[in-house]
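Quick notes on the structure that follows.
What you see is a predicted model; the values in this text were computed from it and never measured. What you see below is based on every heavy atom in this structure, not just the backbone, and it leaves out hydrogens, waters and symmetry mates. Residue numbering restarts at 1 for every chain, and letters A, B, ... go by the order of the sequence lines.
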Protein chains: 2
Amino acid sequence: METPDDFDLRDFLPYALNQAAEAASLAFQKQYRVRYGMLRTEWRVLFHLGRYGPMTATQICARASLHKTKISRAVHALEQKRYLTRMAQETDRRVEELCLTRQGGIVYRELYEAARSYDASLSAQFTPQEREILGRCLHKIARL
Amino acid sequence: METPDDFDLRDFLPYALNQAAEAASLAFQKQYRVRYGMLRTEWRVLFHLGRYGPMTATQICARASLHKTKISRAVHALEQKRYLTRMAQETDRRVEELCLTRQGGIVYRELYEAARSYDASLSAQFTPQEREILGRCLHKIARL
DNA sequence: GGATATTAGTTGGTTTTGTAACTAACAACA
DNA sequence: TGTTGTTAGTTACAAAACCAACTAATATCC
């Protein structure tokens with residue numbers, strides 16, 4: 001039996017997801033990359049702290065499903081840029097609570113707005129129903 | 001005016017796309033990574049040659065929207081593994097037509113089947129309508 | 001209390017990617 | 001022809017990601 005030739009690479013879900021993710025990330029990257037010299041992981045950490053409040057590296061790990069070495073380096077970089085500070089915990093001296101500085105907060109809010117409007121412009125490509133289904137499908141795949 | 005707090009990171013399309021793409025890729029990666037020691041780019045090049053027939057590196061570039069250095073390295077690696085051969089063109093000696101070997105073809109067909117069945121298992125998570133919309137949205141975003 | 005295991009976070013070394021400069025072959029046109 | 005420009009593909013170097021080993025603090029349990 002021969003291989004049927006009806007399966008195009010573009011229809012392969014992991015491939016299609018990657019192409020779309022790359023295109024979307026690349027476009028948004030410009031916002032934080034050239035304006036603030038941030039890397040994607042740094043932006044994510046910044047976002048987490050800005051959006052959900054101070055937390056520890058491990059908590060970001062869990063929320064963002066990023067590896068702890070990535071977090072560690074991103075935190076270091078953000079610290080250098082004076083976007084966050086570490087606060088030693090007295091209850092457990094291994095842990096440091098991470099907290100945006102005033103400046104970090106300002107950058108966060110700017111990027112937050114940029115993210116919102118970028119998301120809106122992407123979402124505008126679709127009907128509300130499509131957008132809703134897209135979001136739901138992506139969540140589901142991410143959780144698999 | 002305060003920043004409205006209704007925009008979750010998980011709803012940010014580039015983020016959701018990345019999370020989903022990573023989850024989907026990671027799972028399928030095992031197929032080619034551990035079984036054949038291939039990288040993602042290598043698998044893509046292999047797929048292109050197997051699915052669409054012999055072609056040059058530049059043609060793969062265009063089809064796969066991969067950078068030529070990635071292709072170059074992937075081709076080299078696949079050559080080392082004896083999965084493809086290069087055929088110098090007489091009309092233009094800069095160009096080499098890339099062609100799967102018999103072994104390369106066998107690996108391709110195995111991975112092709114693995115991809116099909118993986119895709120099917122992912123797609124089974126959704127209704128046909130959802131799957132259709134998902135695919136269409138992803139294509140659209142990738143082309144932006 | 002003290003040995004052992006766990007957890008938080010960092011560091012070092014290797015892989016992989018990204019970017020830009022490069023070589024070689026061809027094309028265009030004076 | 002010969003100068004200039006373009007295209008195919010490679011290579012070299014820098015940036016980033018990945019993985020495994022590490023330190024330091026805490027928890028467990030005898």
Item to check | N/O (side chain, A:R93) to phosphate O (OP1/OP2, D:dA24) under 4.0 Å | outcome: no

Item to check | Any donor-acceptor pair under 3.5 Å from A:Y118 side chain to A:A24 backbone | outcome: yes

Item to check | Between P of C:dG9 and NE2 of A:H67, the distance in whole Å | outcome: 13 Å

Next on the checklist: If I compare all heavy atoms of B:L138 with all of A:L13, which pair ends up nearest, and what's the gap?
Outcome noted: CD1-CD1, 3.9 Å

Item to check | Audit row: A:Q19, B:S65, side-chain hydrogen bond (donor to acceptor under 3.5 Å, both in side chains) steps and yes/no | outcome: CA-CA 9 Å; A:Q19 296 288 104; B:S65 44; 2.9 Å; yes

Item to check | Rounded interatomic separation in angstrom, taking CZ from A:R73 and P from C:dG12 | outcome: 9 Å

Checklist entry - Can A:E132 and A:R136 be counted as an ion pair, charged N to O under 4.0 angstrom? => result yes

Item to check | Residue-level proximity of residues 17-29 of chain A to DNA chain D when a heavy atom falls under 4.0 Å | outcome: none

Item to check | Spacing between B:H76 atom NE2 and C:dT16 atom C1', to the nearest angstrom | outcome: 15 Å

Checklist entry - Is there a side-chain contact between A:L49 and A:M55, using heavy atoms and a 4.5 Å cut-off? => result yes

Item to check | hbond_proxy A:R33 side chain to C:dG18 base (donor-acceptor, 3.5 Å cutoff) | outcome: no

Checklist entry - So, does B:R51 use its side chain to make a donor-acceptor pair with the main chain of A:F7 at under 3.5 Å? => result yes

Next on the checklist: Distance check needed: D:dT10 P versus B:Q80 CD, whole Å only.
Outcome noted: 12 Å

Checklist entry - Does a donor on one side chain sit under 3.5 Å from an acceptor on the other, for A:D8 and B:Y52? => result yes

Item to check | Between B:R35 and B:Q31, a side-chain donor and acceptor under 3.5 Å | outcome: yes

Next on the checklist: Assess the residue pair A:S123 and A:R131 against the criterion (side-chain hydrogen bond (donor to acceptor under 3.5 Å, both in side chains)); give the C-alpha distance rounded to whole Å, side-chain angles, the decisive distance to 0.1 Å, and a yes or no.
Outcome noted: CA-CA 6 Å; A:S123 297; A:R131 179 64 182 83; 2.7 Å; yes

Next on the checklist: If you take any heavy atom closer than 4.0 Å to DNA chain D, which residues from residues 36-45 of chain A end up in contact?
Outcome noted: A:L39

Next on the checklist: Any heavy-atom pair between the side chains of B:L134 and A:I133 that's under 4.5 Å?
Outcome noted: no

Item to check | Mutual orientation of the aromatic rings belonging to B:Y32 and B:W43 [parallel < 30°, tilted 30-60°, perpendicular > 60°] | outcome: parallel

Item to check | Atom-to-atom span, NZ of A:K70 to C1' of C:dT16 - whole angstrom | outcome: 13 Å

Using the 3.5 Å cut-off, write out each protein N or O paired with an N or O of nucleotides 6-9 of chain D and the distance between them.
{"from": "D:dT7", "atom 1": "O2", "to": "B:R94", "atom 2": "NH1", "distance (Å)": "2.5"}
{"from": "D:dG9", "atom 1": "OP1", "to": "B:E96", "atom 2": "N", "distance (Å)": "3.4"}
{"from": "D:dG9", "atom 1": "OP2", "to": "B:T58", "atom 2": "N", "distance (Å)": "2.8"}
{"from": "D:dG9", "atom 1": "OP2", "to": "B:T58", "atom 2": "OG1", "distance (Å)": "2.4"}
{"from": "D:dG9", "atom 1": "N7", "to": "B:K68", "atom 2": "NZ", "distance (Å)": "3.0"}
{"from": "D:dG9", "atom 1": "O6", "to": "B:K68", "atom 2": "NZ", "distance (Å)": "2.8"}

